[in-house]
A.B. asks: 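Can you read through this structure? Questions will come right after.
Keep in mind that the numbers below use all heavy atoms, side chains included, and drop hydrogens, waters and symmetry copies.
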Amino acid sequence: MKPDSHRFCVAPMMEWTDRHCRYFLRLLSSRAFLYTEMVTAEAVLYGDRERVLGFDAAEHPVGLQLGGSDPAKLAEAARMGEGFGYDEINLNIGCPSDRVQSGRFGACLMAEPALVADCVKAMADAVSVPVTVKCRIGIDDQDAEESLDRFIDTVADAGCSSFIVHARKAWLDGLSPKENRDVPPLDHDRVHRLKARRRDLTILINGGIAALAEAEPHLAHLDGVMLGRAAYADPYLLAEVDRRLYGAEGLPPSRADVLDRFMSYVERELARGVRLNAMTRHILGLFHGQPRARAFRRHIAENAHLDGAGIEVLERARDIVLGESYRAVAAE
């Protein structure tokens, strides 16, 4: 893993960070590290591989997040992911959903560090790109100090040198996946202590970070930060990432520029048979906090799902939020 390559990451989010979302986010930041939504090893091995793994070259750097607990299957899925060109393979040890538990993967595996170590070793032996792990600080009644240290040490000994730690426990019994994102208390200091103890490891923090101003202080202690829902609700915050966190020069892209470039992508994907609303649902927050943002969202929400909806829906949405004079000026 290159130094500073993961100073800012966008979290893998089920049913959200698909390839259309990632292409859109890349228009905002050229440096942020992106991840796929979690894909099970079985889906990679037995599903429509192009649909599951396909992505646009513009998305780099991008990591594939896998879920599973069978070392051989994970190794083969990782090998296929590398073959598709992913820059990293990440193993999900943080998702608390019932479906994930029943499949014996996700956060429940924090109780089985030796198995996770076997999975990581098998994956690392199968690929040349980095294999990383995303986990919680603990589950249920585990002691977050002792159990997290044991988990990290065991998995690190198997060859994993990079961990993304969601600074909350996961309660597997009694809380829904949604509640597990908010109800368990945050403990950012626990992740800081982990890094202080294992300075040889790359440690990133996730959970409860809602803005770049909140992310920056963590970088004094850790190797990187990961934002999830905040980056999705207000994606334009990514426009400042390259300058503020990576020291890039130049002005960030404007919202209008990002929308225009995304519209070119939409036209290309429409020609391939992709439905408009599969793409536009990811840009609803682009004008968050700006005048006429609500009307922009409403027009897209009311029209993009209709049969035959095309680029004209986005053209009208652009006129609504930017003013119809924008199109004439841009065309000059």
A.B. asks: Would you call the rings of F262 and F24 parallel, tilted or perpendicular, where under 30° means parallel and over 60° means perpendicular?
C.D. replies: perpendicular
A.B. asks: Tell me if the centroids of the rings in Y86 and F55 come within less than 6.0 Å of each other.
C.D. replies: yes
A.B. asks: For D149, is there an ion pair with R193 - N to carboxylate O distance below 4.0 angstrom?
C.D. replies: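 Looking at R193 and D149, the cut-off is not met.
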A.B. asks: Give the intermediate values and the outcome of side-chain contact (heavy atoms from CB on, under 4.5 Å) for residues R19 and D56.
C.D. replies: CA-CA 7 Å; R19 62 189 183 89; D56 192 289; over 6 Å; no
A.B. asks: Side chain of R297, backbone of L284: donor and acceptor closer than 3.5 Å?
C.D. replies: no
A.B. asks: Side chains of R292 and F287: does their closest heavy-atom pair fall under 4.5 Å?
C.D. replies: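 Counting from C-beta outward, R292 and F287 never come under 4.5 Å.
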A.B. asks: Looking at I300, is its backbone amide N or carbonyl O close enough to the side chain of R281 to form a donor-acceptor pair, meaning the two atoms are under 3.5 Å apart?
C.D. replies: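 Absent.
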A.B. asks: Give a yes or no answer on whether the side chain of K195 reaches the backbone of L201 with a donor-acceptor pair at less than 3.5 Å.
C.D. replies: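 Yes; at least one donor-acceptor contact below 3.5 Å.
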A.B. asks: Which atom names give the shortest non-hydrogen contact between S29 and V241, and what distance separates them?
C.D. replies: OG-CG1, 3.9 Å
A.B. asks: Rounded to the nearest 0.5 Å, how far does CD1 of I203 lie from OG of S162?
C.D. replies: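 Here the rounded value is 7.0 Å.
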A.B. asks: Please confirm whether the backbone N or O of H166 pairs with a side-chain atom of R136, one donor and one acceptor, at under 3.5 Å?
C.D. replies: no
A.B. asks: I'd like to know if E269 and R272 make a salt bridge, using a cut-off of under 4.0 Å between side-chain N and carboxylate O.
C.D. replies: yes
A.B. asks: Tell me if a side-chain donor or acceptor on Q65 pairs with a main-chain N or O of N90 at a distance below 3.5 Å.
C.D. replies: no
A.B. asks: Looking only at heavy atoms, which two atoms of V120 and C160 are closest? And how far apart?
C.D. replies: CG1-CB, 3.7 Å
A.B. asks: Would you say V129 and E88 make side-chain contact, with heavy atoms under 4.5 Å?
C.D. replies: no
A.B. asks: Heavy-atom distance under 4.5 Å between the side chains of L219 and R7, does that happen here?
C.D. replies: yes
A.B. asks: Can you measure from OG1 (T36) to CE (M14) and round to the nearest 0.5 angstrom?
C.D. replies: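 Answer for the OG1-CE pair, T36 versus M14, is 9.5 Å.
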A.B. asks: Using the side-chain contact (heavy atoms from CB on, under 4.5 Å) rule, take L91 and L74 through it: C-alpha gap first, then chi angles, then the decisive distance, then the call.
C.D. replies: CA-CA 9 Å; L91 181 61; L74 283 167; 3.9 Å; yes
A.B. asks: Side chains of L28 and P235: does their closest heavy-atom pair fall under 4.5 Å?
C.D. replies: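 Answer yes - side chains close enough.
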A.B. asks: CD/E315 to CG/D260 distance, rounded to the nearest 0.5 angstrom?
C.D. replies: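 If I round to the nearest 0.5 Å, the distance is 10.0 Å.
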A.B. asks: Using a 3.5 Å distance criterion without hydrogens, assess whether the side chain of R229 forms a donor-acceptor pair with backbone atoms of A210.
C.D. replies: no
A.B. asks: Under 6.0 Å from the CD atom of E312, do we count more than 12 heavy atoms belonging to anything else shown?
C.D. replies: yes
A.B. asks: Indicate the atoms forming the closest heavy-atom contact of A122 with A75, along with that distance.
C.D. replies: O-CB, 3.5 Å
A.B. asks: What are the two closest non-hydrogen atoms of G63 and F33, and how far apart are they?
C.D. replies: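 Smallest heavy-atom distance, with atoms named: N-CE2, 3.5 Å.
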A.B. asks: Give me the atom names and distance for the closest heavy-atom approach of L204 to V191.
C.D. replies: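 In terms of heavy atoms, the two residues are closest at O-CG1, 4.3 Å.
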A.B. asks: Could you give the distance from CE (M279) to CG (L270), rounded to the nearest 0.5 Å?
C.D. replies: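 Answer for the CE-CG pair, M279 versus L270, is 4.0 Å.
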A.B. asks: Counting only N and O atoms by type, is there a donor-acceptor contact under 3.5 Å from the side chain of D234 to the main-chain atoms of H288?
C.D. replies: no
A.B. asks: Output the distance between atom CZ (F296) and atom CG (L286), rounded to the nearest 0.5 Å.
C.D. replies: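 CG of L286 is found 5.5 Å from CZ of F296.
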A.B. asks: Give the C-alpha distance, both sets of side-chain angles, the deciding distance and a yes or no for side-chain contact (heavy atoms from CB on, under 4.5 Å) between R190 and E145.
C.D. replies: CA-CA 8 Å; R190 178 64 189 96; E145 294 293 328; 3.0 Å; yes
A.B. asks: Check whether any side-chain heavy atom of W171 sits under 4.5 Å from a side-chain heavy atom of I139, and report yes or no.
C.D. replies: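 No - every pair of side-chain heavy atoms lies 4.5 Å or more apart.
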A.B. asks: Thinking salt bridges, do D125 and R79 make one under a 4.0 Å N-O criterion?
C.D. replies: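 Salt bridge between D125 and R79, a charged N being under 4.0 Å from a carboxylate O: no.
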A.B. asks: Check whether any side-chain heavy atom of T132 lies under 4.5 Å from a side-chain heavy atom of K134, and answer yes or no.
C.D. replies: no
A.B. asks: Report yes or no: does N92 contribute a side-chain atom to a donor-acceptor pair with the main-chain N or O of G106 at less than 3.5 Å?
C.D. replies: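 Not confirmed, N92 side chain does not pair with G106 backbone.
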A.B. asks: Find the distance between CG (D223) and NE2 (H218) and round it off to the nearest 0.5 Å.
C.D. replies: 13.5 Å
A.B. asks: Given side chains that start at C-beta, do those of Y35 and R22 come closer than 4.5 Å, heavy atoms only?
C.D. replies: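 Y35 vs R22: side chains apart.
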A.B. asks: Can E240 and R243 be counted as an ion pair, charged N to O under 4.0 angstrom?
C.D. replies: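 Between R243 and E240 there is a salt bridge, with a charged N closer than 4.0 Å to a carboxylate O.
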A.B. asks: With side chains defined as the heavy atoms from C-beta onward, is the minimum distance between L34 and T17 less than 4.5 Å?
C.D. replies: no
A.B. asks: How far apart are the C-alpha atoms of F151 and I93, what are their side-chain angles, what is the distance that settles it, and do they pass the side-chain contact (heavy atoms from CB on, under 4.5 Å) test?
C.D. replies: CA-CA 11 Å; F151 176 86; I93 311 293; 3.8 Å; yes
A.B. asks: Are I283 and L306 connected in a single hydrophobic cluster, I mean Ile/Leu/Val/Met/Phe/Trp/Tyr linked by side-chain heavy atoms less than 4.5 Å apart?
C.D. replies: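 No, it is not one cluster - the side chains of L306 and I283 are not joined through contacts under 4.5 Å.
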A.B. asks: I'd like to know if R150 pairs up with D143 as an ion pair, taking the criterion as any Lys NZ or Arg NE/NH1/NH2 lying under 4.0 Å from an Asp or Glu carboxylate oxygen.
C.D. replies: no
A.B. asks: Look at atom CZ of R268 and say whether more than 12 heavy atoms of other residues, nucleotides or ligands are closer to it than 6.0 Å.
C.D. replies: yes
